[in-house]
Amino acid sequence: MARIELINNGILFKEEEHEYWLGDKQLFGITQAIQRQVAGQEYDNCPEYLIKRAGEYGLGVHKSIERLINEFEHDGTVEVEDFRKLTKGMNIESCEYNVSDMEHWSSNIDLVTRLSDTEFGLCDIKTYSNAKLTKSQLTKARYQLSIYAYLFELQNKGAIVKELTVIHICNKIKKDGTINHVAELVPIDRIPGDICKALLDATLKGEQFQNPYELPKEVSGKVKRIIKLIQAKKEAEEELNIIKKDIFETMIFLDVNNWRGEGISITRTSDTTRSSFDLASFKKAFPDLPYENYIKTSNVAGSLKIMTM
């Protein structure tokens, strides 16, 4: 496939107002939609001045990094040097790259990296003070980068987003005078495009998005117990299989088929073969036969499947 070059969609981004314009039509940014839909109470107990201060710090870091990429200007800050080291092996295609559905939504991607002629990586720079991203921060980043990927592929036909990454950098002085230094790359799992579209559509309709990755309280309270039980079951099954193997080999050695003990019966079965009807081969060999007339259909009750991550 031919090399894909990124499309300039013509969206005007007014930086001071943080507005996106398609001609005379203003488009929505995705940040507020994500904040409202999946992290609405994140800053409820945080003073406004701290939120403002964190925003100003983040904007400053973003600007310094943008100058490094576009103008090769290193301002000497720890954050920019950390960024340079973290992205040293990346093939940076664009920074502040705008993506849009050209109808409702538009946003700038901090960093686009090229992986091949058709494959790309998307990165978002975060300047959180905490050493590791919180669950809420990870949730927001996951939706943000996944929606970016959805819009990116919508805009650049044939392009494939293979990697999503948070570039987490921070270098702040704490109250006790020590330095809060963070420099890490955090891989992000992509959310399918249909779920991203559902979040955006719910926002446009003024509805609450039902996040499929968020457990109800009555379920989340049982998660630790479920994981513990599954692990115990797995360990018990592994131990039981080892014991059964030892007993089976002993019965073969002693040439016995049955043992009975108090509250237990042990039976050894010999090797055998099993026959089954190969419907696929039958249909292929006799395509004109009315085989549907001989297929029995029965109802199967629904069940629950739980997998630990």
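At least one side-chain heavy atom of Cys196 sits less than 4.5 Å from a side-chain heavy atom of Ile147. Annotation: side chain of Glu184 is not in contact with side chain of Leu86 (no heavy-atom distance under 4.5 Å). With a 4.5 Å cut-off on side-chain heavy atoms, Ile167 and Leu185 count as touching. The shortest side-chain heavy-atom distance between Val112 and Leu122 falls under the 4.5 Å cut-off. Between Arg67 and Val80 there is no side-chain heavy-atom pair separated by less than 4.5 Å. Within the 4.5 Å cutoff, side-chain heavy atoms of Leu204 are placed close to those of Trp105.
For the pair Lys25 (side chain) and Glu103 (backbone), a donor-acceptor distance under 3.5 Å is present. When atom types are taken as modelled, the side chain of Gln208 and the backbone of Gln37 share a donor-acceptor pair closer than 3.5 angstrom. Formation of a donor-acceptor pair under 3.5 Å by the Tyr57 side chain with backbone atoms of Tyr128 is not found in this model. Side-chain atoms of Thr134 come within 3.5 Å of backbone N or O of Gln137 as a donor-acceptor pair. Side-chain atoms of Asn171 do not come within 3.5 Å of backbone N or O of Ile179 as any donor-acceptor pair. Counting only distance, with no hydrogens or angles, the side chain of Glu93 and the backbone of Glu5 share no donor-acceptor pair below 3.5 Å. In this structure, Gln155 contributes its side chain and Ser100 its backbone to a donor-acceptor pair below 3.5 Å. In terms of modelled atom types and a separation under 3.5 Å, the side chain of Arg142 and the main chain of Ile188 share no donor-acceptor contact. A distance-only check finds a donor-acceptor pair linking the side chain of Lys157 to the backbone of Leu154 [under 3.5 Å]. In this structure a side-chain-to-backbone donor-acceptor pair under 3.5 Å is missing from Thr113 to Ile92.
Leu22 is not connected to Ile7 by any chain of hydrophobic side-chain contacts under 4.5 Å among Ile, Leu, Val, Met, Phe, Trp and Tyr, and they are in different clusters. Side-chain heavy atoms closer than 4.5 Å link hydrophobic residues (I, L, V, M, F, W, Y) into clusters, and following such links, even through other members, never connects Ile247 to Leu240. Hydrophobic clustering (side-chain heavy atoms under 4.5 Å, transitive across Ile, Leu, Val, Met, Phe, Trp, Tyr) groups Ile195 together with Leu200. The cluster map of Ile, Leu, Val, Met, Phe, Trp and Tyr, joined by side-chain heavy atoms under 4.5 Å apart, puts Tyr213 and Leu145 in the same cluster. Residues Met90 and Ile69 are members of one and the same hydrophobic cluster, defined by side-chain heavy-atom contacts under 4.5 angstrom among Ile, Leu, Val, Met, Phe, Trp and Tyr.
How far CG of Asn130 is from SG of Cys170: 8.5 Å, rounded to the nearest 0.5 Å. To the nearest 0.5 Å, atoms CG (Asp271) and OG1 (Thr269) are separated by 8.0 Å. The NE2 atom of His104 lies 15.0 Å from the CD1 atom of Ile30; values are rounded to the nearest 0.5 Å. Here Arg260 contributes atom CZ and Glu262 contributes atom CD; the two are 14.0 Å apart, rounded to the nearest 0.5 Å. For the atom pair NE2 (His62) and CD1 (Ile169), the distance works out to 8.0 Å, reported to the nearest 0.5 Å. Note that the OG1 atom of Thr118 and the CD1 atom of Ile4 stand 5.5 Å from one another [nearest 0.5 Å].
Considering every non-hydrogen atom in both Ala141 and Val166, the closest pair reads CB-CG2, 3.7 Å. Minimum interatomic distance between Val182 and Ala131 (heavy atoms only, all atoms of both residues): CG1-O, 3.8 Å. The two residues Cys123 and Asp110 have their closest heavy-atom pair at O-CB, 3.4 Å. Taking both residues in full, the closest heavy atoms of Ser129 and Lys172 are given as OG-NZ, 3.3 Å, listed atom of the first, atom of the second, then distance. The heavy-atom pair separating Thr127 from Gly58 by the smallest distance is OG1-CA, 3.3 Å.
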Query raised in the report: Can you check side chain to side chain contact (heavy atoms under 4.5 Å, CB included) on Leu111 and Ile125, steps first, answer last?
Result: CA-CA 8 Å; Leu111 210 67; Ile125 300 167; 5.8 Å; no

Query - Verdict with reasoning, Val38 to Leu199, per side chain to side chain contact (heavy atoms under 4.5 Å, CB included) - result: CA-CA 9 Å; Val38 299; Leu199 183 148; 4.0 Å; yes

Requested in this report: Determine, stepwise, if the pair Phe209 / Thr203 fulfils side chain to side chain contact (heavy atoms under 4.5 Å, CB included).
Outcome: CA-CA 7 Å; Phe209 169 66; Thr203 304; 5.9 Å; no

Requested in this report: Could you give me the CA-CA distance, side-chain angles and deciding distance for Asp124 and Tyr148, then say whether side chain to side chain contact (heavy atoms under 4.5 Å, CB included) is met?
Outcome: CA-CA 10 Å; Asp124 192 67; Tyr148 284 167; 4.0 Å; yes

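Between His18 and Phe13, the ring-plane angle classifies as perpendicular under the 30° and 60° cut-offs. The aromatic rings of Tyr97 and Phe152 stand perpendicular to each other, their planes meeting at an angle above 60°, with 30° marking the opposite boundary.
Between the side chains of Asn70 and Glu96, no donor-acceptor pair of N or O atoms lies under 3.5 Å. In the model, Asn98 has no side-chain atom that pairs as donor or acceptor with a side-chain atom of Tyr20 under 3.5 Å. Asp75 and Ser64 form a side-chain donor-acceptor contact under 3.5 Å, judged by distance and modelled atom types alone.
The pair Arg53-Glu56 does not meet the salt-bridge criterion, since no charged nitrogen lies less than 4.0 angstrom from a carboxylate oxygen. Using a 4.0 Å cut-off between charged side-chain N and carboxylate O, Glu66 and Lys63 make a salt bridge.
Within 6.0 Å of atom CD in Glu17, more than 12 heavy atoms from other residues, nucleotides or ligands are found, so the atom counts as buried in its surroundings. Dense packing is recorded around CG of Leu254, with more than 12 heavy atoms of other residues, nucleotides or ligands lying under 6.0 Å away. Shown here is Asp255, whose CG atom has no more than 12 heavy atoms of other residues, nucleotides or ligands within 6.0 Å. The number of heavy atoms from other shown groups lying within 6.0 Å of CD (Gln32) does not exceed 12. The local environment of CZ in Phe286 is sparse, with at most 12 non-hydrogen atoms from other residues, nucleotides or ligands closer than 6.0 Å.
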